There are 2 protein chains.
Amino acid sequence: MSEILSERKKELIEKIGVFHEQRGMQPLMGRILGLLMVLDEAEATFEEIVDYLNVSKSAVSNALNFMQIQNKVKYKTKPGERKRYFYLKADDWENDMQTQIEDITQATHFLQEVIDVREQANPSFTNHLQEVCSFLEYVKTKIPSLFEGFRKQKG
Amino acid sequence: MSEILSERKKELIEKIGVFHEQRGMQPLMGRILGLLMVLDEAEATFEEIVDYLNVSKSAVSNALNFMQIQNKVKYKTKPGERKRYFYLKADDWENDMQTQIEDITQATHFLQEVIDVREQANPSFTNHLQEVCSFLEYVKTKIPSLFEGFRKQKG
DNA sequence: AAATTGGTTCACTTTTTTATGAACAAACAA
DNA sequence: TTGTTTGTTCATAAAAAAGTGAACCAATTT
C-alpha cells in the first residue's frame with residue numbers, strides 16, 4: 001500500500017460513497033468507486049482495498065465481482081504477480097452516460113401503459129401523462145445529437 | 001371505494017412501485033404513486049389508499065406526508081366532508097423533469113474535486129475524468145433548449 | 001510436502017429500512 | 001356528553017440489506 005490517503009481524499013471517498021448510495025448503489029461499491037478515482041495511480045489490489053476501506057475480504061470480494069458484472073471495474077495483472085490490480089472502466093464513460101440519460105426515459109413504458117389502462121373519468125390528468133410521455137420520447141430522440149454537439153464543441 | 005382494481009391495474013401499480021423503489025424511493029411511496037396514476041379519477045382518500053394497498057394507516061400517513069413535503073402529492077377536500085382526496089401534482093412535471101435531468105449533472109462537483117485532489121501519476125485517467133466532467137457541464141447548458149425544442153416541436 | 005498468497009463461499013450477526021398496531025388527538029355528529 | 005370519523009405518533013416487530021470471520025480452495029513458494 002504505497003499511497004497514504006490524505007484526510008481530504010478520505011472525506012471525498014465518503015462523499016462519493018454517499019452520493020452513489022443515495023442513487024441505489026450498495027455502500028461499499030460506492031466507496032470502492034471513490035477510492036479508485038482518488039488514488040493517484042487509479043488502481044488498487046484486492047488487499048489494498050480491504051486495508052484502505054477497513055472492510056472484510058468477503059465484502060470486497062462480493063462488491064468487486066458485482067462491479068465487474070456491471071462493467072464498472074476491470075482488473076489487470078502484472079508479470080510474475082498473482083495480485084489483481086483493479087481499476088475503473090473509465091474509457092466507457094460515453095456508453096455509461098447514454099445509459100444514465102436513457103434511464104430517465106424508461107418511465108415512458110409505464111406511462112404509456114397507465115394511459116392505456118385508464119378509463120377516461122379524468123381526461124385532463126391523462127393529458128398531463130401524455131404530455132410527460134411525449135416529452136420523454138422527445139428527449140430520447142435528442143440524446144444522439146447531445147453527444148454530437150459536445151464533440152463538435154470541444155473538437 | 002368505488003372503483004375495483006383490475007388485475008392489470010394491480011400489476012401495473014406493483015411494476016411502477018418496483019421501478020421507483022429501484023431508484024431509491026420508499027416502496028410504499030412508489031405504490032401510492034402508481035395507485036394515484038392508475039385510478040380513473042386520479043385521486044383517492046386516505047382510507048382508500050389503506051384498503052387498495054393493504055397497508056397500515058401509519059404507513060400511509062408517513063408516506064403521504066413525505067410525498068407532500070417532496071411536492072409530489074397534494075390533497076383537496078370536498079364541501080361537507082372531512083376526508084382528504086389525495087392526487088399527484090401532475091401540473092408540475094416540467095420542474096420535476098428538470099430536476100431529474102439536472103441530477104445527473106450533480107456528479108460534476110465530485111468529479112471536479114477528484115480532479116483537483118489527484119497527483120498526476122496517471123494523467124490519462126485524469127483526462128478521462130475531465131472529459132466526463134466537461135460533458136456533464138455541456139449537458140447542463142443544453143437543458144433549457146431541450147424544453148424549448150419540445151415546446152416548439154409540439155406547439 | 002508444507003506453508004503462503006490471493007481470493008471465494010457460506011452461515012451468521014449487525015444495522016437499516018419498512019411496516020404494524022395501539023394509543024391518542026382534533027373535528028364533527030348524535 | 002358520548003360516540004364516530006379522520007388521521008397522527010410512537011414504541012416496537014418484521015424484513016431486508018450489508019458486513020463479518022472462519023473455513024475453504026487453487027496456485028505458487030519454500
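Computed over heavy atoms, backbone and side chain alike; hydrogens, waters and symmetry mates excluded. Just so it is clear, the structure is predicted and the values come from calculations on it, not from any experiment. Just so we're on the same page: letters track the sequence lines, and every chain starts at 1.
- Comment: A:Glu102 does not engage A:Lys140 in a salt bridge, judged by the lack of any side-chain N to carboxylate O separation of less than 4.0 angstrom.
- Rounding to whole angstrom units, CE of residue B:Met25 and P of C:dT18 are separated by 12 Å.
- Dense packing is recorded around NZ of A:Lys89, with more than 12 heavy atoms of other residues, nucleotides or ligands lying under 6.0 Å away.
- Residue B:Phe66 contributes atom CZ, which lies 11 Å from atom P of C:dT17 at whole-angstrom precision.
- Between the CG atom of B:Leu28 and the C1' atom of C:dA19 there is a distance of 9 Å, rounded to whole Å.
- Taking atom CG of A:Asn65 as the reference point, atom P of C:dG7 lies 11 Å away to the nearest angstrom.
- The cationic group of B:Lys15 does not satisfy the cation-pi geometry with A:Phe110, failing either the under 6.0 Å distance to the six-membered ring centre or the 45° limit from the ring axis.
- The minimum heavy-atom distance between A:Gly30 and A:Ile16, with the atom names listed, is O-CG2, 4.0 Å.
- Rounding to whole angstrom units, CD1 of residue A:Ile32 and P of C:dG7 are separated by 13 Å.
- Under the side chain to side chain contact (heavy atoms under 4.5 Å, CB included) criterion, B:Lys10 pairs with B:Leu5, B:Glu7, sequence neighbours left out.
- Atom NE2 of A:His20 and atom C1' of D:dA18 are 18 Å apart (whole Å).
- The minimum heavy-atom distance between B:Glu3 and B:Asp40, with the atom names listed, is OE1-N, 3.0 Å.
- Residue A:Lys57 holds its NZ atom at 13.5 Å from CD1 of A:Ile49, rounded to the nearest 0.5 Å.
- Ring geometry for A:Trp93 versus B:Phe135: interplanar angle of 30 to 60°, hence tilted.
- Both the sub-6.0 Å distance and the 45° axial angle are not jointly satisfied by B:Arg151 relative to the ring of B:Phe147.
- Atom CG in A:Asp51 sits about 14 Å away from atom P in C:dT5, given to the nearest Å.
- Heavy-atom distances under 4.0 Å link DNA chain C to A:Arg82, A:Lys83, A:Arg84 of residues 67-84 of chain A, given in residue order.
- For the pair A:Met29 CE and D:dA17 C1', the computed distance is 14 Å after rounding to whole Å.
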Under 3.5 Å, which protein N or O atoms sit close to an N or O of nucleotides 20-22 of chain C? Give each pair with its distance.
{"residue": "C:dT20", "atom": "OP2", "partner": "B:Ser56", "partner atom": "N", "Å": "2.7"}
{"residue": "C:dT20", "atom": "OP2", "partner": "B:Ser56", "partner atom": "OG", "Å": "2.9"}
{"residue": "C:dG21", "atom": "N7", "partner": "B:Ser58", "partner atom": "OG", "Å": "3.2"}
{"residue": "C:dG21", "atom": "O6", "partner": "B:Ser58", "partner atom": "OG", "Å": "2.7"}

